Q: 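Take this structure first; my questions come after.
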Amino acid sequence: MGAKSYTRRELMGGLIQELEYLEIPNGSVCFASDYIPNGQDNVIQCKFKFDGYINESGSIYHSWYWARPSGGDGYPNYRIMSAGAVGYITVQNGRRGNYVSQNRVPVTKGSIYEFYIYKNQYFTINGTRYTYTNSNPTGTNDCALYIIDTNRRFKGRFYYLKWWKGDTLVLDWVPAIVNGEICIYDRLNKKKLTRSGAGRVMPGPVKRTFII
(Lines give C-alpha, C1' and ligand atoms only; values in the text may rest on other atoms or scores of the structure.)
Protein backbone atom coordinates (compact mmCIF):
# COMPACT_ATOMS: atom_id res chain seq x y z
CA MET A 1 0.00 0.00 0.00
CA GLY A 2 1.34 3.46 -0.94
CA ALA A 3 1.58 6.53 1.27
CA LYS A 4 -1.70 8.28 2.08
CA SER A 5 -2.54 11.27 -0.10
CA TYR A 6 -4.12 14.30 1.59
CA THR A 7 -6.63 16.57 -0.10
CA ARG A 8 -6.21 20.34 -0.19
CA ARG A 9 -9.11 20.66 2.25
CA GLU A 10 -7.41 18.29 4.69
CA LEU A 11 -4.14 20.20 4.47
CA MET A 12 -5.90 23.53 5.02
CA GLY A 13 -7.39 22.04 8.18
CA GLY A 14 -3.91 21.39 9.57
CA LEU A 15 -1.51 18.52 8.84
CA ILE A 16 0.51 17.49 11.90
CA GLN A 17 3.55 15.21 11.73
CA GLU A 18 4.49 14.26 15.28
CA LEU A 19 8.23 13.63 15.61
CA GLU A 20 10.30 11.30 17.79
CA TYR A 21 12.35 14.31 18.87
CA LEU A 22 13.42 17.84 17.96
CA GLU A 23 17.16 18.37 17.51
CA ILE A 24 18.71 21.66 18.69
CA PRO A 25 22.30 21.28 17.43
CA ASN A 26 23.76 24.74 18.04
CA GLY A 27 21.60 26.42 20.67
CA SER A 28 20.26 29.95 20.07
CA VAL A 29 16.58 28.96 20.08
CA CYS A 30 13.74 28.60 22.60
CA PHE A 31 9.97 28.03 22.54
CA ALA A 32 7.51 30.04 24.64
CA SER A 33 4.01 29.15 25.79
CA ASP A 34 1.31 31.26 27.46
CA TYR A 35 0.92 28.84 30.39
CA ILE A 36 1.92 30.27 33.79
CA PRO A 37 2.55 27.49 36.35
CA ASN A 38 1.77 28.10 40.02
CA GLY A 39 1.14 26.20 43.22
CA GLN A 40 2.67 23.06 44.71
CA ASP A 41 0.53 20.40 42.99
CA ASN A 42 2.22 20.22 39.58
CA VAL A 43 3.14 16.83 38.12
CA ILE A 44 5.51 16.77 35.15
CA GLN A 45 6.90 14.13 32.81
CA CYS A 46 9.50 15.11 30.23
CA LYS A 47 12.50 13.82 28.30
CA PHE A 48 15.63 15.52 26.92
CA LYS A 49 19.00 14.61 25.46
CA PHE A 50 21.79 16.86 26.73
CA ASP A 51 24.66 17.78 24.40
CA GLY A 52 26.02 20.81 26.26
CA TYR A 53 25.69 24.57 26.00
CA ILE A 54 26.92 27.50 24.00
CA ASN A 55 29.74 29.31 25.86
CA GLU A 56 30.16 26.84 28.72
CA SER A 57 31.96 28.51 31.59
CA GLY A 58 31.82 29.00 35.34
CA SER A 59 28.70 28.05 37.26
CA ILE A 60 26.18 29.84 35.04
CA TYR A 61 22.82 28.07 35.12
CA HIS A 62 20.95 27.11 31.97
CA SER A 63 17.40 25.76 32.07
CA TRP A 64 15.96 22.96 29.95
CA TYR A 65 12.47 24.16 30.69
CA TRP A 66 11.90 27.37 32.55
CA ALA A 67 9.39 29.56 34.37
CA ARG A 68 11.42 31.79 36.68
CA PRO A 69 9.41 34.73 38.05
CA SER A 70 10.59 38.31 38.13
CA GLY A 71 10.77 38.03 41.94
CA GLY A 72 13.68 35.56 41.61
CA ASP A 73 14.49 32.74 44.04
CA GLY A 74 12.22 34.15 46.74
CA TYR A 75 9.27 33.17 44.55
CA PRO A 76 8.19 29.75 43.27
CA ASN A 77 10.48 28.56 40.45
CA TYR A 78 9.53 25.87 37.92
CA ARG A 79 12.50 24.54 35.97
CA ILE A 80 15.04 21.84 35.24
CA MET A 81 18.48 23.35 34.97
CA SER A 82 22.16 22.49 34.96
CA ALA A 83 25.44 24.38 35.16
CA GLY A 84 27.66 24.49 32.08
CA ALA A 85 31.03 23.84 33.66
CA VAL A 86 29.97 22.22 36.94
CA GLY A 87 27.96 19.42 35.37
CA TYR A 88 24.92 18.75 37.58
CA ILE A 89 21.13 18.86 37.27
CA THR A 90 18.77 20.57 39.68
CA VAL A 91 14.97 20.47 39.68
CA GLN A 92 12.56 23.07 41.04
CA ASN A 93 8.80 22.60 41.12
CA GLY A 94 7.40 25.47 43.14
CA ARG A 95 10.29 25.25 45.61
CA ARG A 96 12.54 28.10 46.61
CA GLY A 97 16.24 28.21 45.78
CA ASN A 98 18.09 24.87 45.84
CA TYR A 99 17.35 21.77 45.04
CA VAL A 100 17.59 18.20 46.39
CA SER A 101 18.63 16.62 49.66
CA GLN A 102 21.29 14.43 48.07
CA ASN A 103 24.33 15.71 46.19
CA ARG A 104 23.30 17.45 43.00
CA VAL A 105 22.70 14.99 40.21
CA PRO A 106 25.60 14.68 37.71
CA VAL A 107 24.85 15.41 34.06
CA THR A 108 26.80 13.88 31.17
CA LYS A 109 26.92 15.17 27.61
CA GLY A 110 25.35 12.85 25.08
CA SER A 111 23.01 11.26 27.66
CA ILE A 112 19.22 11.07 27.60
CA TYR A 113 17.33 12.10 30.74
CA GLU A 114 13.71 11.23 31.49
CA PHE A 115 12.08 13.03 34.42
CA TYR A 116 9.02 12.37 36.55
CA ILE A 117 8.41 15.26 38.96
CA TYR A 118 5.69 14.73 41.56
CA LYS A 119 4.32 17.88 43.16
CA ASN A 120 6.64 19.31 45.82
CA GLN A 121 7.42 15.86 47.21
CA TYR A 122 9.99 14.06 45.01
CA PHE A 123 11.23 13.52 41.47
CA THR A 124 12.93 10.76 39.51
CA ILE A 125 15.65 11.00 36.87
CA ASN A 126 15.91 7.86 34.72
CA GLY A 127 14.14 5.96 37.48
CA THR A 128 16.31 7.11 40.44
CA ARG A 129 14.34 8.93 43.11
CA TYR A 130 15.35 12.18 44.82
CA THR A 131 13.66 14.30 47.50
CA TYR A 132 13.54 18.04 48.06
CA THR A 133 14.79 20.30 50.81
CA ASN A 134 13.97 23.99 51.32
CA SER A 135 10.65 25.45 52.32
CA ASN A 136 7.84 26.45 50.03
CA PRO A 137 8.09 30.13 49.03
CA THR A 138 5.43 32.76 49.31
CA GLY A 139 4.44 34.83 46.32
CA THR A 140 3.06 34.03 42.89
CA ASN A 141 4.88 33.15 39.70
CA ASP A 142 4.34 35.63 36.86
CA CYS A 143 6.41 33.94 34.12
CA ALA A 144 5.03 31.72 31.37
CA LEU A 145 6.66 28.36 30.67
CA TYR A 146 9.44 27.97 28.09
CA ILE A 147 11.22 25.03 26.54
CA ILE A 148 14.81 26.22 26.99
CA ASP A 149 15.31 29.42 28.98
CA THR A 150 15.57 32.74 27.20
CA ASN A 151 19.39 32.74 27.05
CA ARG A 152 18.92 29.94 24.45
CA ARG A 153 22.21 28.15 25.16
CA PHE A 154 20.96 24.55 25.43
CA LYS A 155 22.08 22.01 22.82
CA GLY A 156 20.47 18.58 22.50
CA ARG A 157 17.05 17.05 21.88
CA PHE A 158 13.55 17.62 23.15
CA TYR A 159 11.30 14.52 23.18
CA TYR A 160 8.12 15.48 25.06
CA LEU A 161 6.61 17.25 28.06
CA LYS A 162 3.35 16.51 29.88
CA TRP A 163 2.14 18.75 32.71
CA TRP A 164 -0.67 18.08 35.18
CA LYS A 165 -2.24 20.51 37.62
CA GLY A 166 -3.25 18.09 40.34
CA ASP A 167 -4.97 15.27 38.43
CA THR A 168 -5.83 17.40 35.39
CA LEU A 169 -3.61 17.32 32.29
CA VAL A 170 -3.03 20.93 31.18
CA LEU A 171 -0.12 20.61 28.67
CA ASP A 172 0.89 17.87 26.23
CA TRP A 173 3.90 19.11 24.23
CA VAL A 174 5.51 17.14 21.42
CA PRO A 175 7.98 18.01 18.64
CA ALA A 176 6.15 18.27 15.34
CA ILE A 177 5.98 19.61 11.83
CA VAL A 178 2.78 21.64 11.49
CA ASN A 179 1.91 22.60 7.91
CA GLY A 180 5.61 22.46 7.04
CA GLU A 181 6.90 24.36 10.11
CA ILE A 182 9.18 22.56 12.60
CA CYS A 183 7.89 23.41 16.08
CA ILE A 184 6.74 22.23 19.48
CA TYR A 185 3.01 21.50 19.41
CA ASP A 186 0.54 21.24 22.28
CA ARG A 187 -1.69 18.26 21.42
CA LEU A 188 -4.13 19.01 24.22
CA ASN A 189 -4.69 22.70 23.47
CA LYS A 190 -4.08 22.35 19.72
CA LYS A 191 -1.56 25.15 19.27
CA LYS A 192 2.12 25.77 18.57
CA LEU A 193 4.59 27.28 20.99
CA THR A 194 6.16 30.55 19.86
CA ARG A 195 9.72 30.12 18.61
CA SER A 196 12.40 32.78 19.09
CA GLY A 197 16.11 32.96 18.28
CA ALA A 198 18.06 32.36 15.09
CA GLY A 199 19.28 28.85 15.97
CA ARG A 200 18.63 25.81 13.81
CA VAL A 201 16.13 23.10 14.69
CA MET A 202 16.16 19.73 12.96
CA PRO A 203 13.31 17.20 12.86
CA GLY A 204 13.75 13.66 14.14
CA PRO A 205 11.93 10.71 12.55
CA VAL A 206 8.18 11.06 12.01
CA LYS A 207 6.25 9.17 14.67
CA ARG A 208 2.74 9.59 13.28
CA THR A 209 0.73 11.91 11.02
CA PHE A 210 -2.73 13.29 11.74
CA ILE A 211 -5.13 16.07 10.78
CA ILE A 212 -6.59 18.74 13.05
Side-chain angles (χ1 to χ4, degrees), residues 21 24 30-33 35-53 56 59-69 71-167 169-173 184:
Y21 56 80
I24 303 170
C30 70
F31 296 85
S33 75
Y35 180 73
I36 300 175
N38 262 299
Q40 305 295 325
D41 59 344
N42 303 281
V43 179
I44 304 107
Q45 286 184 291
C46 57
K47 184 178 178 181
F48 294 85
K49 179 175 180 279
F50 175 70
D51 286 328
Y53 295 107
E56 294 177 17
S59 59
I60 299 171
Y61 295 107
H62 310 289
S63 297
W64 304 8
Y65 72 70
W66 181 78
R68 186 171 190 264
D73 280 339
Y75 283 71
N77 281 237
Y78 303 87
R79 55 183 175 175
I80 292 172
M81 60 185 179
S82 57
V86 178
Y88 56 78
I89 297 171
T90 61
V91 176
Q92 297 175 335
N93 188 19
R95 288 282 185 171
R96 177 186 175 189
N98 295 346
Y99 306 115
V100 295
S101 59
Q102 295 87 345
N103 291 331
R104 293 164 176 174
V105 183
V107 61
T108 304
K109 289 181 185 179
S111 295
I112 294 173
Y113 294 91
E114 196 154 15
F115 298 84
Y116 177 72
I117 303 163
Y118 186 76
K119 301 183 178 180
N120 64 354
Q121 299 177 27
Y122 69 89
F123 60 90
T124 68
I125 303 177
N126 293 343
T128 299
R129 178 167 167 155
Y130 302 89
T131 55
Y132 290 96
T133 56
N134 288 27
S135 60
N136 300 331
T138 57
T140 301
N141 174 40
D142 57 3
C143 177
L145 188 67
Y146 287 75
I147 289 292
I148 317 305
D149 61 10
T150 51
N151 65 29
R152 307 181 187 122
R153 289 176 174 159
F154 176 90
K155 297 186 291 186
R157 291 176 180 172
F158 168 73
Y159 289 85
Y160 72 90
L161 180 143
K162 291 179 180 285
W163 194 293
W164 289 262
K165 182 69 173 172
D167 295 327
L169 183 67
V170 293
L171 302 173
D172 186 4
W173 294 354
I184 294 175

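Because the structure is a prediction, the values reported are computed rather than measured.
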Q: Run Asp172 and Lys162 through salt bridge (charged side-chain N to carboxylate O under 4.0 Å, His left out) and show every step you take.
A: CA-CA 5 Å; Asp172 186 4; Lys162 291 179 180 285; 3.2 Å; yes

Q: When you compare the side chain of Leu145 with that of Ile36, does any pair of heavy atoms fall below 4.5 Å?
A: no

Q: Using the benzene-type ring in the case of Trp, are the ring centres of Phe48 and Tyr113 under 6.0 Å apart?
A: no

Q: Can a donor-acceptor pair be found, under 3.5 Å and without considering hydrogens, that links the side chain of Asn126 to the backbone of Ile112?
A: yes

Q: Tell me, do Arg157 and Ile24 make a side-chain contact under 4.5 Å, heavy atoms counted?
A: no

Q: Does Tyr35 use its side chain to pair, donor to acceptor, with the backbone of Leu171 at less than 3.5 Å?
A: no

Q: Quick check: do Val43 and Lys119 have side-chain heavy atoms less than 4.5 Å from each other?
A: yes

Q: Can you find a pair of side-chain heavy atoms, one from Trp173 and one from Ile147, that are under 4.5 Å apart?
A: yes

Q: Write down the atom of Asn93, the atom of Tyr118, and the distance for their closest heavy-atom approach.
A: ND2-C, 4.5 Å

Q: Going by the angle between their ring planes, with limits at 30° and 60°, are Phe50 and Phe154 parallel, tilted or perpendicular?
A: tilted

Q: What are the two closest heavy atoms between Ser33 and Ala144, and how far apart are they?
A: O-CB, 3.3 Å

Q: How long is the straight-line distance from CD1 of Ile80 back to CD1 of Ile44, given to the nearest 0.5 Å?
A: 7.5 Å

Q: With rounding to the nearest 0.5 angstrom, report the OH to SG distance, Tyr160 to Cys46.
A: 7.0 Å

Q: Which atom pair, heavy atoms only, marks the closest approach of Val91 to Ile89?
A: CG2-CG2, 4.3 Å

Q: Drop me the distance from Ile125's CD1 to Tyr116's OH, to the nearest 0.5 angstrom.
A: 14.5 Å

Q: Is the shortest heavy-atom distance from the side chain of Tyr78 to the side chain of Pro37 under 4.5 Å?
A: yes

Q: Kindly compute the distance separating NE2 (His62) from OG (Ser82), expressed to the nearest 0.5 Å.
A: 7.5 Å

Q: What is the minimum heavy-atom distance between Arg79 and Trp66, and which atoms define it?
A: CB-CA, 4.0 Å

Q: Looking at every heavy atom in both Val170 and Lys165, which two are closest together, and how far apart are they?
A: CG1-CB, 4.0 Å

Q: Is there side-chain contact between Phe115 and Trp64, with heavy atoms separated by less than 4.5 Å?
A: yes

Q: Taking all heavy atoms of Asp149 and all of Cys30, pick out the closest pair and write down the distance.
A: O-CB, 3.8 Å

Q: For Asp142, which residues count as a salt bridge (Lys or Arg N to Asp or Glu O under 4.0 Å) partner, sequence neighbours excluded?
A: none

Q: Within the side chain of Asn141, is there an N or O that forms a donor-acceptor pair under 3.5 Å with the backbone of Asn38?
A: no

Q: Any side-chain heavy-atom pair from Val105 and Thr128 closer than 4.5 angstrom?
A: no

Q: So do Gln45 and Trp164 actually touch side chain to side chain, heavy atoms under 4.5 Å?
A: yes

Q: Evaluate the side chain to side chain contact (heavy atoms under 4.5 Å, CB included) criterion for residues Arg68 and Gln92: first the C-alpha distance (whole Å), next the side-chain angles of each, then the deciding distance (0.1 Å), finally the verdict.
A: CA-CA 10 Å; Arg68 186 171 190 264; Gln92 297 175 335; 6.0 Å; no

Q: Step through it carefully: locate the ring centre of Trp163, locate the ring centre of Tyr65, and say whether they are under 6.0 Å apart.
A: yes

Q: Does Arg129 make a cation-pi contact with Tyr122 (under 6.0 Å, within 45 degrees of the axis)?
A: yes

